[in-house]
Amino acid sequence: MTARVPRGFVDRDAETLYAQEAMLATIRRVYETYGFEPVETPVFEYTDALGKFLPDSDRPNEGVFSIEDDDEQWMSLRYDLTAPLARYVAENFESLPKPYRSYRAGYVFRNEKPGPGRFRQFMQFDADIVGAPNVSADAEMAMMMADTMEALGIQRGQYVIRVNNRKVLDGVLEAIDLGGEENAGRRLTVLRAIDKLDKVGAEGVWSLLGKGRLDESGDFTKGAELTDAQIERISPFFGRAGYVPLEQSSSAVRPLVGRRIDDSDTLWVEDSRGSIEVARSVVGSSELGVAGVDELDNIYRFIEAAGYGPDRIAINTSVVRGLEYYTGPVFEAELLFDVTNEKGEVVRFGSVGGGGRYDGLVSRFMSQPVPATGFSIGVSRLMTALKNLGRLKTEKRSGPVVVTVMDRDRMADYQAMATKLRDALNADPLLPPVPVEVFQGNPKQFGKQLQYADRRDAPVVVIQGGDEKAAGKVQVKDLKLGKEMSATITDNAEWREARAGQETVDESDLVDAVKRILARQSREG
RNA sequence: GCGGUUGUAGCUCAGCUGGUCAGAGCGUCGGAUUGUGGCUCCGAAGGUCGGUGGUUCGAACCCACCCAACCGUACCA
């Protein structure tokens, strides 16, 4: 039997967890400055609460992990944090303040094929406002998302929050005779095609909207079968309509970073105003579309007034989002930098979070309409990106002070020393912990104990054998200093003789001696 | 689901036209060193060559099927 982690799942080591903890704290801090409070819901929900958003309710295991309870009810692991929040709000509607601002972080699960940077268990960090019908709430979400990116160390220009509106898309689709329930499937195909813009380019999207597309591997993807005229009508959504060449940018005062969006060498920047104008002309007389454009216009005014320019938040009509339940504004956080990973491959991270307005989700459980908007950050994915960007705050943790064991029958003494050190070194609960431990392996070979301490990156070891005990002394050994000294010693006998970094002190001076060494090391960094 | 690539020791990999081809480095463990880390040196353990059939005097190598992983693509609420 081989030990192996299930496909699509990962083990996370100490370093990763420390880094994740730091990230979560940073995000939490931003959310709380906006007035959001935490809430936690379980990882399981009744499958019907995740409900009609399953692709096929006859196959409850498709896409989600599901089990049948002994009362024959199906339960599923949540696949996002939005549907569970909707259930929670509906269940506690009377007692919650409205609008209800809440945030929560947690693992979500998807039963699908894993890929590079894609797992079947991953963490999301969501924030939502329930009971706020106006798009000013959506604008606030976008601004908070931008703030979060920067709090995490992603500089302006390295990310953008793109905002669109489902009503605009739906309005245009209505205008080209794709409205109504009977065309829901085709509308979804169209949305997904546009969603692939960054992957397949404008040409590819055109193919996907028409007959279909043959990719490099020879696989054929069936298209939406739109006529050329229909495609022509919606083409502004996946062209360069949302962009303006860098040199023509009106916001020259801002440090905008231009990007290539097609085969030419032209660098383009986000153009919110242009996007809105194009959207207005494309939706024509569609009532829904016009309403959507007006909403985008309002959002634009809010973010501009608050000082969030197109280098942070941009209106861009190519943002779609795959989720079906969005009813209004949708947003997406995209990282704009390429990075080279451990394998030397250039990786484009793209989207690290997204969200939007889902006015129908809570009201599924209620007799009254409940507007809601929110967004989600893909923590695991973002962490990988930050790591490659070199922005991951890896908190340096001290290794343990190791009390070594010379005489097996004096374990009690060693434990007492460790306790004394532990208490003395950790008196201030606000400082990071200084671990102290007694060596718990086989103490027979003393060399192994030091080797262990070395591998744990121990700053100091404490040594007290029979000789020291008789004299009322104890040895403290600075491993870091010893390591530096080892560089100039090549002979092992000499190295052992040198007792590098070691000093003998009175038993009563033990705590102070260890403190001195730790202080010296932290000074020298 | 579709297409491609790859499966040899814990890890990374070498292994020629099918004929000493069961190998290296790293890691692990032991020793040189029973009270001192690093360096160095010596030694050991560890593999049904992904699996099952087949071709052959002979298969890690050729063929078929299966399995798995990886890459791309599709799906991704």
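To find a chain, count down the sequence lines: A is the first, B the second, and so on, and within it residues start at 1.
- Distance check on atom C1': B:G46 versus B:C29 gives 11 Å, rounded to whole Å.
- For A:Arg357 (side chain) and A:Ala137 (main-chain N/O), no donor-acceptor pair under 3.5 Å exists by modelled atom type.
- For the C1' atoms, the distance from B:U6 to B:A44 is 32 Å, rounded to whole Å.
- Remark: A:Gln445 is in phosphate contact with B:G31, judged by side-chain N or O atoms under 4.0 Å from OP1 or OP2.
- If you check the side chains of A:Ser318 and A:Asn316, you find a donor sitting under 3.5 Å from an acceptor.
- Spacing between B:C11 and B:G58 at atom P, rounded to whole Å, works out to 33 Å.
- Here B:A45 sits opposite no nucleotide as a Watson-Crick or G-U wobble pair (both hydrogen-bonding atom distances under 3.5 Å).
- For A:Asn492 against B:G38, a side-chain-to-base donor-acceptor contact under 3.5 Å is present.
- Using a 3.5 Å distance cut-off with no hydrogens or angles, the side chains of A:Asp80 and A:Tyr325 do pair a donor with an acceptor.
- Checking the phosphate oxygens (OP1, OP2) of B:G38, no side-chain nitrogen or oxygen of A:Arg499 falls inside 4.0 Å.
- Comparing B:C16 with B:U52, their C1' atoms sit 28 Å apart, to the nearest whole Å.
- Pairing for B:A64 is with B:U52, a Watson-Crick or G-U wobble pair whose two hydrogen-bonding atom distances lie under 3.5 Å.
- Salt bridge status for A:Arg516 with A:Asp509: present, with a side-chain N to carboxylate O gap under 4.0 Å.
- When the P atom is used for both B:A59 and B:G53, the distance is 14 Å, rounded to whole Å.
- For A:Lys196 and B:C75, the shortest distance from a side-chain N or O to OP1 or OP2 is below 4.0 Å.
- Residue A:Lys222 has no polar side-chain atom (N or O) positioned under 4.0 Å from OP1 or OP2 of B:A74.
- Residue A:Asp80 is out of contact with every strand shown, counting any heavy-atom pair closer than 4.0 Å.
- Taking atom P on both B:U28 and B:A60, the two are 32 Å apart, rounded to the nearest angstrom.
- In this structure, B:A14 forms no base pair with any nucleotide, since neither Watson-Crick nor G-U wobble geometry is met with both distances under 3.5 Å.
- Listed nucleotides: B:G30, B:U28, B:U36. Nearest to the side chain of A:Lys448: B:G30.
- At least one side-chain nitrogen or oxygen of A:Trp495 sits closer than 4.0 Å to the OP1 or OP2 atom of B:G37.
- Between A:Arg496 and B:U36, a side-chain N or O to OP1/OP2 separation shorter than 4.0 Å is present.
- Look at the P atom in both B:U5 and B:C62: the space between them is 14 Å, to the nearest Å.
- With a cut-off of 3.5 Å on both Watson-Crick or G-U wobble distances, the partner of B:C70 is given as B:G4.
- Mapping A:Thr221 and A:Phe109 onto RNA chain B via the closest heavy atom, the residue that lands nearer the 5' end is A:Thr221.
- Counting only N and O atoms by type, the side chains of A:Asn164 and A:Thr317 include no donor and acceptor under 3.5 Å apart.
- With salt bridges taken as basic N to acidic carboxylate O contacts below 4.0 Å, one links A:Asp478 and A:Arg520.
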